[in-house]
Protein chains: 2
Amino acid sequence: MTVTLKDIAIRAGVTSATVSMVINNKPNISETTRKKVLKIAKELNYYPNVIARGLATKKSNSIGVIVPNLASSFVVRVLQGIKSTNRDIEYTVQLFDTIGQKERESQLFQRLARERRIDGVILISSTVTEEELNVFAEESVPSIIVARRCEHLDSVYVNNEQGAFDATEYLITKGHRNIACITTRKQGIPTEERYNGYLRALRSHQIEARSDILFDVNDDGMEDGIEIFDRLKNIVPRPTAVFVPAGDMVAIGIVKEAKREGIKVPDDLAIVGYDDIPAAEVIEPALTTVRQPKLEMGDYAINMIVDKIEGRESGIKHKELPTKFIIREST
Amino acid sequence: MTVTLKDIAIRAGVTSATVSMVINNKPNISETTRKKVLKIAKELNYYPNVIARGLATKKSNSIGVIVPNLASSFVVRVLQGIKSTNRDIEYTVQLFDTIGQKERESQLFQRLARERRIDGVILISSTVTEEELNVFAEESVPSIIVARRCEHLDSVYVNNEQGAFDATEYLITKGHRNIACITTRKQGIPTEERYNGYLRALRSHQIEARSDILFDVNDDGMEDGIEIFDRLKNIVPRPTAVFVPAGDMVAIGIVKEAKREGIKVPDDLAIVGYDDIPAAEVIEPALTTVRQPKLEMGDYAINMIVDKIEGRESGIKHKELPTKFIIREST
DNA sequence: TTGTAGGCGTTATCAT
DNA sequence: ATGATAACGCCTACAA
């Protein structure tokens, strides 16, 4: 039924070794047989069995992409960056998600590292520790982590601290002194860094950070923003600005609730989000926010991992990308 | 370096055949050797080489998911549906996108169908013809198409015609007679069906369709909506409602531009979108729209394809899911 | 330039 | 209950 090298070999009057060499463009094949073999291969509509090839070469020509959650627009956008370059790359992408199930995570890593199903791994924005990622190094499966810097692993990430600094400083130069900060601890390192950037900006302008206007939300939805605003509005002195490293959706919730309560944005309350999701342009006033170069991150990630797999690069590489501050109407 | 069946076999004093049987829970193995083998396997931290296994069993335990474009929130959401069920399923997901490159598409199908890299294929919302999908049938690779009904292929889809009918009829019962329709032809069958539903609703209420308020946009972004509104506003008699099967982003553009021009939504102009994207709740007034059960579609798709692959179902199956009309503030 | 032979790690069919 | 042995389809020395 399916055409194999052997089928071609028989018809061409050669052995499958020869056919293999032709298919793989190896040198030292006479033009005559090359032509003949290629012709027959085409007639028979031959496609190599990649599984068999993988067994022989010990390469699957496939890379794994592990994501925490496909519901995150950040993750999807990075994925898109990975895929779009991948057009010209002869690697297949296998998608895995861990949906926060902590125990399954390291199990998944084990399997991926040892089952020889993939040649390398891209890990997007996760809360795993570096230790848990060691399996890949142990099995010498190239790996790279996106959205977070890791000392002992290749990584592609954004300067979150600086992004937050820029945003906060912008608010300060606009005259704000009481700037609330809405963050989300459980999201891990990146939000932590953003918080630090916020603090640094305050410090560099001799403004004391007020702990009563620092909030920690659990999730990053619009409802969280609504709830936060309701807590925020009664605090005195009331902040005149809010920086929301927790994400744009939370910021949007705040905008909505503020408007509903008759608070004018940005006049009474300026708001800066983080991420530049599509809805940031939809809300009125349109949201000022910090954009991360998500597509670019994906792009770097796939290229770096392919280089690693093919042995073109060695040593740990870090790629830091800049954020971009997008000024719209909410400030 | 890597542990194989043979390694285990040697230490256990049996052959790799026996070890294989133990690993795969085959019957007719003495408890003693089973215990012994399992113990050694664990000590050595053995994981089967799935590539080798695939060659032997002619199964890759992997399914391909082909998407036209990861930038579409519809596609991503269906993907999410596929992945979330997939947790308990022993199939890996390989992601492919075709980014509209028509010529590459059938080439991709050829490869996927013949390279034995995947056991089955899920195709999300694409404009390919049934003919192009024949390769899968020819190579007896189970396949299923999502978001569109195909006579000769398994499919999971939504009753777009009815969804559009419901939306339009709702507008009619609200007293509207001049209802514009913004569609997007190039998106293929589903939009076509929605248009038909719109027409049917008009007919069933003896309203004549006006061709001067039927618009065709090329893309489905906010800008398209803005542009459409500017064309719409000068038409007499001016429509009092707009149904936008082209999608929520276009509808949002219309809302925004209408507001900017001082037209009151919904009082002066009622607007209904299609898809229920996250931003539909963000815009003010919140958008009335037609929701498709995207997660559910992905869920059905993965389960159907797995059943097919494992030979549990045969014959062509179609699963039609209902849309849900979401009433918000724009009507 | 091409053929021979062996191996990649598993599974599956026979014997034993 | 277990062992030999032969696939699976391809690649790669090495030999000719």
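In what follows, chains carry the letters A, B, and so on, assigned in the order in which the sequence lines appear, proteins first and then strands, with residues in each chain numbered from 1. As the structure is a computational prediction, the values presented were derived from the model and not from experiment.
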ask   = Do the charged groups of A:R114 and A:E139 touch, with an N to O distance under 4.0 Å?
value = yes
ask   = Any salt bridge between A:E151 and A:R149, counting N to O under 4.0 Å?
value = yes
Below 4.0 angstrom from OP1 or OP2 of [N], is there any side-chain N or O of [X]?
X	N	value
B:S20	C:dG9	no
B:K59	C:dT11	no
B:N49	C:dT10	no
B:Y47	C:dG9	no
B:T18	D:dG3	yes
A:K26	D:dT12	yes
B:T15	D:dG3	yes
B:S16	C:dT10	no

Would you mind telling me which of [options] lies closest to the side-chain atoms of [X]?
X	options	value
A:S30	D:dT12, D:dC10, C:dT2	C:dT2
B:A56	C:dT11, C:dA5, D:dA4	C:dT11
A:K58	C:dG9, C:dT10, D:dT2	C:dG9

task = Measure up the A:F136 and A:F109 rings against each other and bin them: parallel (under 30°), tilted (30 to 60°), perpendicular (over 60°).
result = tilted
message = I'd like to know whether CD of B:E31 has more than 12 heavy-atom contacts from other residues, nucleotides or ligands below 6.0 angstrom.
response = yes
Over how many whole Å does the gap from [X] atom [atom1] to [N] atom [atom2] extend?
X	N	atom1	atom2	result
A:D7	D:dC8	CG	C1'	14 Å
B:E31	D:dT2	CD	P	10 Å
A:M21	D:dC11	CE	C1'	10 Å
A:K35	C:dT1	NZ	P	14 Å
B:K6	C:dG7	NZ	C1'	9 Å
A:E115	C:dT10	CD	C1'	13 Å
A:R117	C:dT10	CZ	C1'	14 Å
B:L5	C:dG9	CG	P	10 Å

query = Going through the distances and angles, do B:R11 and B:E43 end up as a salt bridge (Lys or Arg N to Asp or Glu O under 4.0 Å)?
reply = CA-CA 11 Å; B:R11 291 187 208 221; B:E43 281 170 11; over 6 Å; no
message = Heavy-atom nearest nucleotide on DNA chain D for B:L55 versus A:N24: which residue maps closer to 5'?
response = B:L55
message = Closest-nucleotide mapping onto DNA chain D: is B:R34 or A:R53 further toward the 5' terminus? I mean the 5' end.
response = B:R34
remark   = Separation between OG (A:S20) and CZ (A:R53), nearest 0.5 Å, reads 7.5 Å
ask   = How would you label the contact of B:T33 with the nucleic acid (heavy atoms, under 4.0 Å): base, sugar-phosphate, or nothing?
value = sugar-phosphate
